[in-house]
Engineer: 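Pasting a structure here, questions to come.
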Amino acid sequence: MIWTRPWALAGLAFVALPILIHMMGRGRAPVLQFPSLRFLDTSRLLPARRTRIHDVVLLVVRCLAIAGGAVALAGPVWNPAAPRSYSPDEVNRVVIVDTSASMTRTTPSGNTALVAARRFADSLQANTPLTTVMEAAHPGAALPGAAEWLATQRGDGEIDVISDFQLGAIDSVALAAVPAQIGLRFMRVPLGVLAPPGPPAPLARTPIVDGVSVLAGTADRSDADAAREAARTVGRLVSPVASAAPSMLLVHLRSERRAALLESVAKFTDASDVALVARIVADSLLAQAALETETESAPVGQRAGAAATVATAKVPAGAVVVARNRAGAVVAFAARISDAGTPRLALFTAVGAATPAVVALHVAAARAAAALPQAAEFETEVLSDAVLAGWQRAPGAAPSPTSGEVSDTNRLDTAARWLWAAALALLGIETWARTSRRFANTIRPASALGGRNG
Amino acid sequence: MPSGGSNQSVLSPTVVAAIDDLELSARLVVEGMRTGGNRSPFHGYSTEFRQHRSYRAGDDLKYLDWKLFARSDRLYTRQFRETTNVPVMLVLDSSASMAFPEPDASDSSAGARAPAHHTVAKFRYAQVVAAALAYVACDQGNAVGVMTMEAGALRYLPARGGKPHLRSLIALLDRLMPAGRWDAARVIDRAAQLLGRKGIVIVISDFYDDEPATTRALRRVTRHGHDVSVLQLLAQQELSLGATGPVEFVDLESGERRLTDAAAVAARYGAAMREFVARCRAEALHAGIDYALVSTDTPPERALREYLQQRGVGKVGGHAHRPIAR
């Protein structure tokens, strides 16, 4: 049993008060209305024993009432929720692997941090059957999704985060979205000493290698070329080195190979591809250009040979929409394809080549594929072990009071309520006992002793 | 005269006192007395024989001279001197001391809602006794009145006959409440004055008053030729103290409070009460006054029966009482 207000137990000392009063009191003499006092002599009253307690029953009731009130005020909690122990095999687990650029740094063992993290995640998944691994460039942003998935599973849940925990990777705001009954574990990937980078050059002055290969049809070749030139100009893109293979493919609407490539679309399995796509989606220039794009309602293929500037292009399964216009129509989408047996990342346009959206798409793709990481990825400050330890918790902890479920606070109110009721009942008994003794103090007349005529 | 078929009372004092209707209570008491075959003490008719006359239809059969019929085979009715109704004045003590004892409201053995099973206030007892005496007197053709004091002022009904007057008298008795003090001498003197001609004065009181003045008043009334009777009404609870330990006694009339150890003073109190009662009796008998000590735990009809029996044989306490002077 625990006490929410243990200081109130000091009120038990007041139990001594009625005891002292009962011992010190002489006991009030009963009052008797008498017809005449002429034959009554005064007499010296016998001294009452000071140590004698009068009215033991009334004293006990009073003591119990005071004690009950003090205990109720102290707020006892019966059988508080004990910490639960759990078996890892019985816990549903989501392992979030940090795939941010900082994880490309090497560990003391020589592998990149990302490789080490993936290996560890695989070992967790192998050892515990209820584990799901997901990768995210921003672990904090992935926490709500992981919590939602765990909420659909039976049993306790836990989120494990494997990261280098750069400052900003996870914060208390992101953790607040995780329900209290879901456990949290943070596993840091050890990294080697990083040489402090030189002052980063402003992005605007740094040329970006155009790592995007363009596929266009005969009908839109000229538009595609024009768009590429515009993209290089806008994005300050530079031609790639001849030997370097472009990482992405930009497939225009009228490319002859479009249909075949669409049929080879597969699910994304490479985290780096997901990261690239995420960067393209987040490109503000692309997003703004796509919003302003007008599209026609004619479905693709209905007008054979005609310049289709579609559309409501059909997005195949496994592809990810990277841009939409104001009407919600797809402007471009990304997919994992097989190009002559080689898996590649492809961007499919859904609008004509000579549109600002295509230019922005080219620039966004080139930037995403650029080898130069953002300066912020080299943040040297990391979250301390003490902070991570403070955030960690076991699965199945007491539910948060904000969840609306019954909490210990409600339970202790119920316990204190019963004690208050008992104290009030004792108070009522004391009042009844005190008033009934007032009547009992009336002298009862003696029985007849003599005859009528004396 | 026969003392009656049964000397056992059917109704206890508490039951009689608990009857709200005082007239009914009085009637029950009187009926209880009559089962004993008591002779009226109030002498509704003169005992002086005058003459015989022939029986006429409608004459009261109790006045037939059966001895003469046996000798003559003829029915004759005895005639008496003209009937003389002796007025009766009841003097009732309505002081606060007559409120003792208070009905026991906290008697757990009787139950919370039960009336006072074990105690009857002296005044209620006195009301029943006075009403019963009035009933008897009126029934016998006597004029009856009542004199008392209420809130310091005399309250009375002059002696009259008849059922309507009886009801008025009983209603007056029923309305009275014991309170304050009473001037016994003044009330007794005034009662005798109201009687006019010689009559019967019956004083019902506990006599917790000015003893010398009361004694003088009683003697005065007696000297004037009235037939005086005193019924000293006391409760058993005041004849002896049953309490123990410290008790704060409060005088019902004066309000005086006295804290005393009841056990320590009980013996002296009992002796003093016995002396007081004996003194009252002696004074009464010395003055030729009928005296009876009535306890509230005695059934009213038994108490009145014994009193009237003693009065009827002319002996009270071993002394012959002085006959009513005309």
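All values reported here derive from a predicted model rather than from experimental measurement. Quick note on labels: first sequence line is chain A, next is B, and so on, each numbered from 1.
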Engineer: Tell me, do B/Arg268 and A/Leu40 make a side-chain contact under 4.5 Å, heavy atoms counted?
Structural biologist: no
Engineer: To the nearest 0.5 Å, what is the distance between CD on B/Gln237 and CG on A/Leu32?
Structural biologist: 9.5 Å
Engineer: For B/Phe249, which residues count as a ring-ring contact (aromatic ring centres under 6.0 Å, His included) partner, sequence neighbours excluded?
Structural biologist: A/Phe34
Engineer: Just so I know, are the side chains of B/Met98 and A/Pro35 near enough to count as touching, which here means a heavy-atom distance under 4.5 Å?
Structural biologist: no
Engineer: Kindly indicate, with the supporting measurements, whether the criterion side-chain contact (heavy atoms from CB on, under 4.5 Å) is fulfilled by B/Val250 and A/Val31.
Structural biologist: CA-CA 7 Å; B/Val250 179; A/Val31 176; 3.6 Å; yes
Engineer: Go through B/Glu211 and A/Arg38 one step at a time and tell me if the side-chain contact (heavy atoms from CB on, under 4.5 Å) criterion holds.
Structural biologist: CA-CA 12 Å; B/Glu211 287 185 48; A/Arg38 62 180 65 188; 3.8 Å; yes
Engineer: Rounded to the nearest 0.5 Å, what separation is found between the CG atom of A/Leu37 and the CG atom of B/Leu252?
Structural biologist: 8.5 Å
Engineer: Which donor-acceptor pairs under 3.5 Å do the side chains of residues 56-75 of chain A make with protein atoms, sequence neighbours left out?
Structural biologist:
unit_1	atom_1	unit_2	atom_2	d
A/Arg62	NE	A/Glu430	OE2	2.6
A/Arg62	NH1	A/His22	NE2	2.8
A/Arg62	NH2	A/Glu430	OE2	2.8

Engineer: Picking from B/Ser95, B/Ser97, B/Ala235, which has the most non-hydrogen pairs under 4.5 angstrom with chain A?
Structural biologist: B/Ser97
Engineer: Taking every heavy-atom pair that is under 4.5 Å apart, which of B/Glu275, B/Gln232, B/Arg274, B/Glu256 has the most such pairs with chain A?
Structural biologist: B/Glu256
